[in-house]
Amino acid sequence: MARKPIIAGNWKLNKTIKEALELVGGIKEKVADVKDVDIVVGPVFTALSEVGKLTSGSNIGLSAQNLYWEEAGAFTGEVSATLLKDAGCQYVIIGHSERRQYFNETNETVNKKIKAALAQGLTPIVCVGENLEEREGEKTFDVVRDHVTNSLKGFSADEMKKMVIAYEPVWAIGTGKTATPDQAQEVHAFIRKLLNEMHDESVAESIRLQYGGSVKPDNIKDLISQKDIDGALVGGAGLKVDSFVGIIQGCLS
Ligand code: PGA
């Protein structure tokens with residue numbers, strides 16, 4: 001099955017509203033004709049609404065970087081799926097390794113967040129992946145199995161088909177060390193096999209799997225040409241117009 005590539009920029013804790021608008025304005029101009037790649041930008045909460053006004057009606061989707069699973073109420077400091085929709089989001093990144101590492105996110109909280117996102121029609125970009133110690137201890141497949149099976153527990157086939165999964169080896173994030181295309185493909189194929197075991201082939205074949213970790217214009221072609229890699233979740237290179245656009249162009253055949 002042909003899956004449409006999806007390139008998402010995870011801006012992390014960067015960019016004022018003004019800087020965010022400059023960045024997305026520059027991207028928008030250069031990708032106006034791109035139809036064969038889904039393009040997503042993920043600013044900080046405070047810039048979502050303004051960036052959303054600029055992306056509205058364009059070929060650029062808007063993503064938040066996190067959400068809380070409750071809809072409303074006494075949860076100081078949190079933001080719900082409804083409010084993300086209200087700000088113009090279509091996507092939300094869930095379970096990024098930085099959230100798992102610094103903010104105590106677990107498979108259980110990731111699972112609740114995915115449920116909340118789906119209930120509001122947001123597309124979850126669910127992150128999974130091993131750290132360096134786990135990779136060196138040959139635990140990669142155990143960790144990825146744990147993340148995938150437990151974070152994605154209890155969803156129907158239809159719900160599964162609405163998600164994007166990002167495989168991000170933590171040792172490759174922001175380090176300049178990319179997994180080789182073969183290393184990445186091996187884990188992507190493993191994730192697809194797990195999805196097949198959890199559901200069926202139609203689920204496994206329709207879900208888009210992004211690779212993330214030091215993706216740049218000069219390595220995207222080799223990654224995207226792998227059978228089971230359908231796009232990228234981009235950190236550092238997503239903060240500049242030229243490198244982000246270069247990655248998008250690298251997905252066009
Ligand atoms: P990086 O980050 O591209 O800077 O390695 C990727 C990510 O954390 O999503």
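Note that ligands are numbered from 1 as they come in the structure, with each ligand's atoms numbered from 1 the same way.
- Of all the atoms in ligand 1, the ones that sit under 4.0 Å from a non-hydrogen atom of E168 are 6 (C), 7 (C), 8 (O), 9 (O).
- The aromatic rings of Y211 and H188 are tilted relative to each other, their planes meeting at an angle between 30° and 60°.
- Of the possible polar contacts, none joining the E130 side chain to the P169 backbone as a donor-acceptor pair under 3.5 Å is found.
- Of the residues D230, D38, D228, the one that meets the salt bridge (Lys or Arg N to Asp or Glu O under 4.0 Å) test with R208 is D38.
- If you take CG on D182 and CD on Q226, they are separated by 5.5 Å, rounding to the nearest 0.5 Å.
- For ligand 1, the polar-atom distance check finds no N/O of T175 at less than 3.5 Å from any of the ligand's N/O atoms.
- When each atom of ligand 1 is checked for a heavy atom of S214 under 4.0 Å away, the hits are 1 (P), 3 (O), 5 (O).
- No more than 12 heavy atoms of other residues, nucleotides or ligands sit less than 6.0 Å from atom NZ of K221.
- Contact check on E133 versus K139 returns no salt bridge, with no Lys/Arg side-chain nitrogen under 4.0 Å from an Asp/Glu carboxylate oxygen.
- The protein heavy atom nearest to atom 4 (O) of ligand 1 is G236 N, 2.9 Å.
- Numbered from 1 in the order shown, with element, the atoms of ligand 1 that lie under 4.0 Å from a heavy atom of N10 read 9 (O).
- Within a 6.0 Å radius of CD in E197, other residues, nucleotides and ligands contribute more than 12 heavy atoms.
- Counted by atom type alone, K161 and S202 present one or more donor-acceptor pairs between their side chains at under 3.5 Å.
- Looking only at heavy atoms of the protein, atom 3 (O) of ligand 1 is closest to G235 N, 2.9 Å.
- Within the listing of ligand 1, atoms 5 (O) sit less than 4.0 angstrom from a heavy atom of A172.
- Distances from ligand 1 to the non-hydrogen atoms of S97 include no value under 4.0 Å.
- Under the 4.0 angstrom criterion for non-hydrogen atoms, G213 is in contact with ligand 1.
- The closest approach between a heavy atom of H96 and any atom of ligand 1 is below 4.0 Å.
- With ligand atoms numbered from 1 in the order given, ligand 1 contributes 1 (P), 4 (O), 5 (O) to contacts under 4.0 Å with heavy atoms of G174.
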